[in-house]
Amino acid sequence: MAEKDDIEVSEAGLFPALYKPPGLLPIAQLKDALLYTAETYPVTIIVGETGSGKTTQIPQFLHKSGWTSDGSVVAVTQPRRIAATSVAARVAEEMGFFPGQLGQEVGYSIRFEDVTSAKTQIKFMTDGLLLREMLVDPLLKRYSVIMVDEAHERSLSSDILLSLLKKILRKRPELRVIVSSATIEAQKFLDFFASDEDGKVGGKTKNELGRIITIQGRVHPVDIQYLVEPTADYVETAVQTVMDIHSTEDKGDILLFLTGREEINDAIDKITDRIVDFGPSSQTLQPLPLYAGLDTEQQQFVFEPAPENTRKVIVSTNIAEASVTIDGIAYVIDCGFVKLRNYDPSLGIERLNVCPVSKASATQRAGRAGRTRPGKCFRLYTESAFADLPETTFPEIQRSDLAPVILQLMNLGITNVVRFDFLSPPPSKLLIRAMDTLHSLGAIDEYARLTRPLGTRMAELPLEPMLAKTLLNAPYFACLPEMLTIASMMTLQGTVFVSHDGNKKQEDKAKRRFAVAEGDHMTLYNVYESFISHGKKDAQWCRENSLNFKALVKAMSVRKQLRNHLERLGIAETATFDGPDAAKLRGMNLVERVRRCLTTGFFAHAARMKSDGTFTTPKGDVTLWVHPSSIFFHRKADWVIYHEIMETRDKTYIRDLTTVEIDWLTEYAPSYYRTKGK
DNA sequence: GAGCACTGC
């Protein structure tokens, strides 16, 4: 019964950019058209906005018309875990199942949570997980249809998945691939699947390959307004716009897009200051921050209805563009910028840059005002600036460290990754750098072949290559239990310590309590051990020690999963292997063995502290700042290795540091330090 | 003395 509501065709003209004017299908025909194309062609591209119901309806259409009848499964991939679980629940409900029956005919599978059974016929999952499934089932034979949802976001995993599905189609012409996309990138997707040397896929010519179906979304008209003159200070303009909306527009909450935490706090302070200017008015404003770094408790506020006579102003990063949906938004203010991660292959440094948004992004942001009723969007740039914006955001694959992806592809039998059929080929510098990294770690040999067992084992582990190498070396340093813990804690990425009620001093104090002189890795190990010895579920103890309970629980899951992976590789947690320097290692204490082991994976991330407390790279060409979360923010050190490096605005930060001896660098990575020089 | 957009295995 929800079916009809969901694909109801809206009459409004709305954003011309969103929809192809001709060919919009009425509800009754969508089902027929979809089933016809799926029956006839290997590939179907669905163009339709979020809220069109495509994600929930299409798998049901396929299920009811027999695509799951022979025991095969319809899979729907999502870029985010939250989407996979919530859509699965919704579909199960629409099909008449009770919540407790989720995991039977309809289920989902995400990391750490497999809610499926032998009966499951419709399965929602993250795209990254489906990629992992290909290790055991390279042709994905259990699936009759694979629908890649939100493909327009161009996430690393979904891009790779599309390339691999194209390969699979050559061997399994009976497989059906449905690519769903919110924007007008549809033709690019279809052309991609159709292209190869002879224009044939699965024995079909281009015209026989697939079709594009466009469906109308269930959104309301959004009136878009531009600035007449560009602004030099969009935070100030945004705050003024908030005030203007508040004094002149009807009821309805405001969603303001800015680029980061600092701007968000700045804007909230300004708004708070100016509320007073209104005096005791009957309508007031409630500014609320929203960014991923907030703990879930604080994020929760944005979903709660505002008190009477109060207008919520949610000041958010890009998280509200696709990942988080808030009801009741009638006004969107779009600053026109977003922080994007970029990878510099020559220095091996990740950067966070403020970039203009794409037209697709701006459209998506504006659409957030029209989810439940007609709305307005105020773009803090001119109409001609909008016209100059890129159509779509640069795909992640063209601006990331590709070492993990390349390793995974090689393990799937892709021997020549340079000639791999990428949807958008990454710059060759990125590929070369990734190969260099993998070679220096010993994951590939001089002929660019995956090594055995090291390379294949590294690829099996759900860890970045440097950490995977470190973990696999741990038995040689008789520190596998400790390294399992450290690797698990590293995946939490700075979320371990939290300040409750904004009490920074208490947080710093807690950090000192757990600090280990040799560095952050052993400090995190110490935190985990304390957590376990306090009974593993003492949320109160976490609070008292400024620790993030949920993060530590996650570390336990990750640790268990890693331990299982190693066991499958024949490496028990208690394993110790004798390497060439076994006798020497036996005389060392645990901390030294851990530090040496870390060096075998992170030698390329070496740095030396200068007298002013900043660090420098071995070549001395980049100044590195200790991230304030590190224990070396206060303390002296000489040589260290670090886990992560990231450049923001004007400084390059390193985080998670551990002291090493300079000799270890040449001992464990002789060729790397010989060729690179010092 | 001072901080990182967002995902995922």
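Everything numeric here is computed off the predicted structure, so don't read it as measured data. Residue numbering restarts at 1 for every chain, and letters A, B, ... go by the order of the sequence lines.
- The pair A:E507-A:K511 meets the salt-bridge criterion, since a charged nitrogen lies less than 4.0 angstrom from a carboxylate oxygen.
- Distances from the side chain of A:A292 to the nucleotides B:dC6, B:dG3, B:dC9 place B:dC6 closest.
- Under the 3.5 Å distance criterion, the side-chain polar atoms of A:R433 are left unmatched by any main-chain donor or acceptor of A:A403.
- Under 4.0 Å is where a charged nitrogen must lie from a carboxylate oxygen, and between A:R154 and A:E185 at least one such pair does.
- If you check every strand for non-hydrogen atoms under 4.0 Å, A:L352 touches a base.
- Distance NE2 (A:H643) to P (B:dC4): 17 Å, rounded to an integer number of Å.
- The distance between atom CG of A:L492 and atom C1' of B:dG8, rounded to the nearest whole Å, is 14 Å.
- In this structure, A:R365 and A:V357 have side chains that are in contact, with non-hydrogen atoms separated by less than 4.5 Å.
- Atoms CD (A:Q493) and C1' (B:dG3) sit 15 Å apart, rounded to a whole Å.
- Within 3.5 Å, no donor on the side chain of A:E350 pairs with an acceptor on the base of B:dC4, nor the reverse.
- Taking atom OH of residue A:Y291 and atom P of nucleotide B:dT7, one finds them 14 Å apart after rounding to whole Å.
- Computed from coordinates, the A:L294 CG to B:dG3 P distance equals 17 Å when rounded to whole Å.
- In terms of heavy-atom proximity, A:A637 sits nearest to A:M609 at O-CB, 3.2 Å.
- The side chain of A:S323 lies closest to B:dT7, out of B:dA5, B:dC9, B:dT7.
- Each of B:dC4, B:dC9, B:dT7 was ranked by its minimum atom distance to the side chain of A:R111; first place goes to B:dC9.
- In terms of polar N and O atoms assigned as donor or acceptor, the side chain of A:R655 comes within less than 3.5 Å of the base of B:dC4 in a complementary pairing.
- Set against B:dT7, B:dA5, B:dA2, the side chain of A:K339 has B:dA5 as its closest nucleotide.
- The distance between atom CG of A:L409 and atom P of B:dC9, rounded to the nearest whole Å, is 18 Å.
- For the pair A:L135 CG and B:dC9 C1', the computed distance is 10 Å after rounding to whole Å.
- A:T317 comes within 4.0 angstrom of the backbone, heavy atoms only, and of no base.
- Counting any heavy atom pair closer than 4.0 Å across all strands shown, A:R80 reaches sugar-phosphate atoms only and no base atom.
- The side-chain contact (heavy atoms from CB on, under 4.5 Å) test with A:S155 singles out one residue from A:L161, A:T126, A:D127, A:I160, and that residue is A:D127.
- Listed nucleotides B:dT7, B:dA5, B:dC9 differ in distance to A:L129; the shortest reach to its side chain belongs to B:dC9.
- Of all nucleotides listed (B:dG8, B:dG3, B:dC6), B:dG3 comes nearest to the side chain of A:R261.
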* Determine, step by step, whether A:Y642 and A:F602 satisfy the ring pair (Phe, Tyr, Trp, His ring centres under 6.0 Å) criterion, reporting the C-alpha distance in whole Å, the side-chain angles of both residues, the deciding distance to 0.1 Å, and the verdict. => CA-CA 7 Å; A:Y642 54 84; A:F602 288 90; 8.5 Å; no

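- Listed candidates were B:dA5, B:dG3, B:dC4. Nearest to the side chain of A:S629 is B:dG3.
- With a 6.0 Å cutoff to the six-membered ring centre and a 45° limit on the axis angle, A:R399 does not count as a cation-pi contact of A:Y343.
- Paired regions of DNA chain B, requiring three or more successive Watson-Crick or G-U pairs whose two hydrogen-bonding distances fall under 3.5 Å, are not present.
- Taking every side-chain heavy atom of A:T126 into account, B:dC9 is the closest of B:dC6, B:dG3, B:dC9.
- Among the nucleotides B:dT7, B:dA2, B:dA5, the one closest to the side chain of A:D508 is B:dA2.
- Between A:R132 atom CZ and B:dT7 atom P the separation is 20 Å, expressed in whole Å.
- A:D334 and A:Y381 are linked by a side-chain donor-acceptor pair at a separation below 3.5 angstrom, with hydrogens and angles left out of the test.
- You'll find that the side chain of A:E644 is closest to B:dC4, out of B:dA2, B:dC4, B:dG8.
- Between A:R81 and B:dC9, a side-chain N or O to OP1/OP2 separation shorter than 4.0 Å is present.
- Where A:M646 and A:I110 meet DNA chain B, the nucleotide closest to each residue was compared, and A:M646 sits on the side nearer the 5' end.
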